[in-house]
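Please read the structure below before turning to the comments.
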Amino acid sequence: VKDVGILAMDIYFPPNCVLQEELETHDGVSKGKYTIGLGQDSMAFCTEVEDVISMSLTVVKTLLKNYNIDPKCIGRLEVGSETVIDKSKSIKTWLMQIFEECGNTDIEGVDSSNACYGGTAALFNCVNWAESNSWDGRYGLVVCTDSAVYAEGPARPTGGAAAIAMLIGPNAPISLESKFRGSHMAHVYDFYKPDLASEYPVVDGKLSQTCYLMALDSCYKTFCKRYEKIEGKPFSIVDADSFVFHSPYNKLVQKSFARLYYNDFLRNCSIVDKDSREKLEPYLGLSSEESYQSRDLEVCQQVAKPLYDTKVQPTTLIPKQLGNMYTASLYAAFASVVHNKHDALVGQRIVMFSYGSGMTSTMFSFKINEGQHPFSLTNIASILDISNKLESRHVVPPKKFVEALKLMEHRYGAKDFVTSQDTRLLVPGTYYLTHVDSMYRRFYAVK
Ligand code: ACO
């Protein structure tokens with residue numbers, strides 16, 4: 001089998017969003033803190049009728065329908081999520097309903113979870129399966145689904161929600177260059193969910209930012225080493241057309257790309273021109289620890305800006321609009337570049353950086369190929385239908401957003417309740433939660 005990777009994609013996100021500008025006023029923080037300081041425009045969130053299960057049911061159903069895929073042709077289904085609902089019962093088992101109906105219960109795979117990394121683990125599992133001796137010729141399906149909510153405080157504006165489904169198989173328009181890869185995995189308490197009675201994480205924000213950048217450096221170094229060993233020449237940011245980052249908020253993405261540029265500067269790569277080299281020279285002596293904290297190193301963001309505009313900016317649309325979608329965040333950033341450039345990407349290399357707190361991270365790359373209808377970039381972009389989906393969202397005032405989160409705090413882990421079943425904003429075909437019975441069993445309906 002050749003060119004195993006992503007054949008098709010679809011995305012679902014809730015129809016409600018809150019504007020970051022309005023949230024700044026509501027929270028009483030300085031103007032620009034969320035919009036410029038974090039670089040975010042708006043944030044999607046689930047109301048009480050939606051959750052990670054309903055979003056994943058919706059996106060799987062629409063992917064199969066939009067690409068005309070027979071559910072019997074799915075042989076592996078992997079879910080990446082860090083939103084805990086039934087703990088030992090995976091979200092994957094919920095999705096089996098769609099396949100059981102067609103008599104297909106022969107589907108391997110369960111959920112993968114480690115903060116925002118689960119989707120990448122699920123993707124690698126599916127790709128490895130399709131490249132292995134246990135592959136039976138059917139498609140794999142990867143689903144990333146998360147609702148990111150934080151307690152009141154500085155982390156709250158970095159929430160978000162979405163679900164993404166990706167069909168996996170050979171001869172893909174988006175194939176993995178499996179030989180180029182770099183991972184960094186270690187033990188750290190930067191973000192975790194020890195309180196099982198609450199949906200909110202415990203987060204050390206500053207530590208999580210440093211961990212993210214340290215992991216990025218480490219993955220990039222390994223990725224470059226692998227590349228050089230195989231290709232016989234050094235890798236620098238000139239060797240990829242786009243860089244897609246896990247996006248908790250846009251400012252961290254700007255810093256991340258500058259960090260790769262800084263690495264290239266330290267490695268003496270020719271991409272760093274004379275002018276930029278002179279600007280960065282004073283920081284040659286910084287220890288890596290100092291370099292994570294140094295304000296002055298922001299000069300790196302400035303010198304990398306023209307390259308950021310071509311190689312990163314087209315990947316930022318959905319994450320800036322929806323916020324951190326945890327496992328779906330990286331793939332929503334990838335969907336943004338497909339939306340913005342579709343068939344102009346053929347022949348290009350796209351580098352992906354996946355980060356999950358705690359911590360797990362991998363840098364890997366995609367090669368973009370022609371693909372055959374319906375599995376072409378142009379068709380994927382048209383099915384993703386990003387502009388329409390973003391434009392038809394409903395802007396909710398911050399007060400309503402806070403009320404929705406309050407209600408969900410009570411509902412989390414609760415039993416014996418009926419939801420409002422208010423589906424006015426949902427598009428037809430969307431799954432929604434109707435009630436939870438005395439045995440904590442959940443019930444969904446389709447609008
Ligand atoms: N105008 C412009 N910029 C401003 C303004 C303003 N009025 N006010 C603040 N800023 C800038 C700050 O200078 C800072 O920029 P910098 O990072 O370049 O220094 C930025 O806005 C954020 O301000 P801080 O004061 O650092 O924000 P705070 O500490 O209150 O919260 C944080 C930020 C830590 C990211 C918080 O939102 C958080 O904990 N989020 C969740 C954790 C997270 O997302 N971590 C990322 C990786 S792990 C993961 O994916 C979950």
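First listed ligand is number 1; within each ligand, the first listed atom is number 1. Residues: numbered from 1 along the sequence shown.
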Between [X] and [Y]: side-chain donor-acceptor atoms closer than 3.5 Å:
{"X": "Glu48", "Y": "Ser420", "result": "yes"}
{"X": "Asn324", "Y": "Thr158", "result": "no"}
{"X": "Arg181", "Y": "Thr222", "result": "no"}
{"X": "Tyr261", "Y": "Arg259", "result": "no"}
{"X": "Glu177", "Y": "Ser365", "result": "yes"}
{"X": "Asp385", "Y": "Asn388", "result": "yes"}

Provide the number and element of each atom of ligand 1 under 4.0 Å from a heavy atom of [X].
{"X": "Ser357", "value": "48 (S)"}
{"X": "Gly205", "value": "34 (C), 39 (O)"}
{"X": "Lys251", "value": "15 (O), 16 (P), 18 (O)"}
{"X": "Gly37", "value": "2 (C), 3 (N), 4 (C), 10 (N), 11 (C), 20 (C), 21 (O)"}
{"X": "Gly32", "value": "1 (N), 2 (C), 3 (N), 6 (C), 7 (N)"}
{"X": "Val203", "value": "42 (C)"}

> Counting only non-hydrogen atoms of the protein, does one fall under 4.0 Å from atom 9 (C) of ligand 1?
Replying inline: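 At least one protein heavy atom is under 4.0 Å away.
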
On a heavy-atom basis, I'd like to know which of [options] is closest to [atom].
{"atom": "atom 45 (N) of ligand 1", "options": "Ser30, Ser208, Ala148", "value": "Ser208"}
{"atom": "atom 35 (C) of ligand 1", "options": "Tyr249, Tyr34, Phe191, Tyr150", "value": "Tyr249"}
{"atom": "atom 17 (O) of ligand 1", "options": "Lys255, Glu82, Gln209, Arg156", "value": "Lys255"}
{"atom": "atom 49 (C) of ligand 1", "options": "Gly159, Pro248, Gly358", "value": "Pro248"}
{"atom": "atom 13 (O) of ligand 1", "options": "Arg295, His246, Glu24, Lys33", "value": "Arg295"}

>> Applying a heavy-atom cut-off of 4.0 Å, say which part of Asn324 lies close to ligand 1: side chain, backbone, both or neither.
In response: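 Side chain only.
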
>> With a heavy-atom distance limit of 4.0 Å, tell me whether Ala155 approaches ligand 1 through its side chain, its backbone, both, or neither.
In response: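 Ala155 to ligand 1: contacts from backbone and side chain alike.
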
> Can you list every ring pair (Phe, Tyr, Trp, His ring centres under 6.0 Å) pair that touches residues 191-218, not counting sequence neighbours?
Replying inline: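 Every ring pair (Phe, Tyr, Trp, His ring centres under 6.0 Å) pair that includes a residue of residues 191-218, provided the two are not neighbours, is Tyr189-Tyr192, Phe191-Tyr326, Tyr212-Phe353, Tyr212-Tyr355.
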
> Is there any ring pair (Phe, Tyr, Trp, His ring centres under 6.0 Å) pair reaching into residues 28-54, and which pairs are they, with sequence neighbours excluded?
Replying inline: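 Qualifying pairs: Phe45-Phe401.
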
N/O to N/O below 3.5 Å, does that happen between [X] and ligand 1?
{"X": "Pro154", "result": "yes"}
{"X": "Lys31", "result": "yes"}
{"X": "Thr158", "result": "yes"}
{"X": "Tyr326", "result": "no"}

>> Run the salt bridge (charged side-chain N to carboxylate O under 4.0 Å, His left out) test on Lys406 and Glu152 for me, step by step, so that the C-alpha distance in whole Å, both residues' side-chain angles and the decisive distance to 0.1 Å come before the verdict.
In response: CA-CA 10 Å; Lys406 273 253 147 55; Glu152 267 173 41; 3.8 Å; yes

> Taking the six-membered ring for Trp, are Phe243 and Phe257 ring centroids under 6.0 Å apart?
Replying inline: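 Yes, they do, as the ring centres are separated by less than 6.0 Å.
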
>> Can you tell me which residue among Arg393, Met43, Gln40 is in a side chain to side chain contact (heavy atoms under 4.5 Å, CB included) with Leu322?
In response: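 Between Leu322 and the candidates, side chain to side chain contact (heavy atoms under 4.5 Å, CB included) is satisfied uniquely by Arg393.
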
> How far is atom 22 (C) of ligand 1 from its nearest protein heavy atom, and which residue and atom name does that atom have?
Replying inline: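 Atom 22 (C) of ligand 1 sits closest to the protein heavy atom Leu38 CD2, 4.1 Å.
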
